[in-house]
Student: 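Take a look at this one; I'll ask things after.
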Amino acid sequence: EPGGRAIVAGVLPARGRRVAGGAAVPHSAAGDAAAGSVVGVAVVAGALTIRLTGFTRIDSVLGMVISCFMLKNGFNLLKESLDILMESTPPDIDISDLSMEIAAGVKGVKNFHDVHIWSISTDRRALSAHVELQEDINVSGAQDRILCDIRKILSERYNIYHTTLEVECGGCYYHNGDGDKGLCYL
């Protein structure tokens, strides 16, 4: 296992090592040291059992147990990979809670909506959202501070560093000629 991880570490960029590294190590589909250790202990225990007792069927039993362990970890790896490919919202983030936290916690924000969060890789997340400013805000002076405050919350509390924020001015509206109106975007 250590040799396999060294090859993976030398070939793949750092951001791709977790999923690909786990798949490259055959007996540890999850790619973590604990999984490899459990399999290693089972192999040694099986060898000692055969050597000391002559009970050779332990090899088949442990082989099936290890196969089930690998199958479970393989499904976990597949699910994590599919979540990234499908650009799913990370399971530890509740978009409505995040939106309310931004709207309530950043001075000058009236509403934080149309939020989309997805994983780019196992350790990189992205967000796009609309930020509606309060009507009494001096847009030119406050916009940079507001965006900075939002990005600080997103990075520190949610591990989101790649953001696209569209600012909406609460005091100006457009009319599309059909009687519909909406917020102007800055």
Side-chain angles (χ1 to χ4, degrees), residues 1-105 112-130 150-165:
E1 176 184 13
R5 288 182 195 263
I7 291 169
V8 169
V11 173
L12 293 175
R15 66 177 178 263
R17 287 186 190 150
R18 184 162 169 236
V19 170
V25 180
H27 67 270
S28 177
D32 61 358
S37 298
V38 168
V39 171
V41 167
V43 169
V44 170
L48 287 174
T49 301
I50 292 170
R51 178 78 171 176
L52 297 173
T53 67
F55 182 63
T56 57
R57 291 182 188 230
I58 191 72
D59 187 45
S60 299
V61 171
L62 288 176
M64 288 189 299
V65 170
I66 291 170
S67 296
C68 290
F69 184 73
M70 288 175 57
L71 188 61
K72 176 194 164 286
N73 287 336
F75 279 121
N76 291 341
L77 177 65
L78 179 63
K79 182 188 178 316
E80 186 176 8
S81 298
L82 285 175
D83 284 346
I84 291 169
L85 290 172
M86 299 302 293
E87 296 182 349
S88 302
T89 301
D92 61 320
I93 294 181
D94 183 315
I95 291 178
S96 61
D97 288 348
L98 181 144
S99 298
M100 288 188 294
E101 181 179 351
I102 298 291
F112 193 75
H113 60 99
D114 199 17
V115 179
H116 303 277
I117 304 170
W118 64 97
S119 296
I120 298 171
S121 68
T122 56
D123 57 351
R124 284 190 78 195
R125 297 171 170 181
L127 171 141
S128 68
H130 291 209
I150 292 170
R151 287 186 174 113
K152 182 176 180 183
I153 290 172
L154 293 172
S155 64
E156 290 178 357
R157 296 193 186 150
Y158 296 97
N159 196 29
I160 299 171
Y161 295 94
H162 182 81
T163 60
T164 303
L165 301 171

Student: Once salt bridge (Lys or Arg N to Asp or Glu O under 4.0 Å) is applied, what residue pairs with a partner in residues 65-79 remain, sequence neighbours excluded?
Tutor: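 Every salt bridge (Lys or Arg N to Asp or Glu O under 4.0 Å) pair that includes a residue of residues 65-79, provided the two are not neighbours, is Lys79-Asp83.
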Student: Excluding sequence neighbours, so at least two apart, what forms side chain to side chain contact (heavy atoms under 4.5 Å, CB included) with Ile153?
Tutor: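 Partners of Ile153 under the side chain to side chain contact (heavy atoms under 4.5 Å, CB included) test: Glu101, Ile102, Val106, Arg157, Tyr158.
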Student: Calculate, to the nearest 0.5 Å, the distance between atoms NE2 and OG1 belonging to His116 and Thr89 respectively.
Tutor: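 Here the rounded value is 9.5 Å.
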Student: Looking only at heavy atoms, which two atoms of Ile160 and Ala126 are closest? And how far apart?
Tutor: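 Where Ile160 meets Ala126 most closely, the heavy atoms are CG2-C, 4.2 Å.
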Student: Given the rule in the side-chain contact (heavy atoms from CB on, under 4.5 Å) test, do Asn76 and Asn73 qualify, once you have shown the distances and angles that lead to the verdict?
Tutor: CA-CA 5 Å; Asn76 291 341; Asn73 287 336; 4.1 Å; yes
Student: Would you check if Ile95 and Phe112 make a side-chain contact, meaning some heavy-atom pair closer than 4.5 Å?
Tutor: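 Not in contact.
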Student: Are any non-hydrogen side-chain atoms of Leu165 and Leu127 less than 4.5 angstrom apart?
Tutor: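 When only atoms from C-beta onward are counted, Leu127 and Leu165 do touch, with a gap below 4.5 Å.
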Student: Please list all pairs meeting salt bridge (Lys or Arg N to Asp or Glu O under 4.0 Å) that have one or both residues in residues 85-96, counting only residues at least two apart or in different chains.
Tutor: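 The answer is Asp92-Arg125.
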Student: Mind checking what makes side chain to side chain contact (heavy atoms under 4.5 Å, CB included) contact with Ser155, not counting sequence neighbours?
Tutor: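 For Ser155, the residues satisfying side chain to side chain contact (heavy atoms under 4.5 Å, CB included) (neighbours in sequence not counted) are Tyr161.
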Student: Evaluate the side-chain contact (heavy atoms from CB on, under 4.5 Å) criterion for residues Leu98 and Leu154: first the C-alpha distance (whole Å), next the side-chain angles of each, then the deciding distance (0.1 Å), finally the verdict.
Tutor: CA-CA 9 Å; Leu98 181 144; Leu154 293 172; 3.8 Å; yes
Student: Sequence neighbours excluded and cut-off under 3.5 Å, please list the side-chain donor-acceptor pairs for residues 44-70, or say none.
Tutor:
{"unit_1": "Thr49", "atom_1": "OG1", "unit_2": "Ala45", "atom_2": "O", "d": "2.7"}
{"unit_1": "Thr53", "atom_1": "OG1", "unit_2": "Thr49", "atom_2": "O", "d": "2.5"}
{"unit_1": "Thr53", "atom_1": "OG1", "unit_2": "Phe55", "atom_2": "N", "d": "3.2"}
{"unit_1": "Ser67", "atom_1": "OG", "unit_2": "Gly63", "atom_2": "O", "d": "2.8"}

Student: Could you list the residues that satisfy side chain to side chain donor-acceptor pair (under 3.5 Å) with His162, not counting sequence neighbours?
Tutor: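 For His162, no residue satisfies side chain to side chain donor-acceptor pair (under 3.5 Å) once neighbours in sequence are set aside.
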Student: Rounded to the nearest 0.5 Å, how far apart are OG of Ser88 and CD of Glu80?
Tutor: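 Result: 11.5 Å between the selected atoms.
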Student: What are the two closest heavy atoms between Ser99 and Val115, and how far apart are they?
Tutor: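 What the structure gives for the nearest pair is OG-CG2, 3.4 Å.
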Student: Might you point out which heavy atoms bring Ile117 and Pro90 nearest each other, and give the distance in Å?
Tutor: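 So the two residues come closest at CG2-CD, 3.7 Å.
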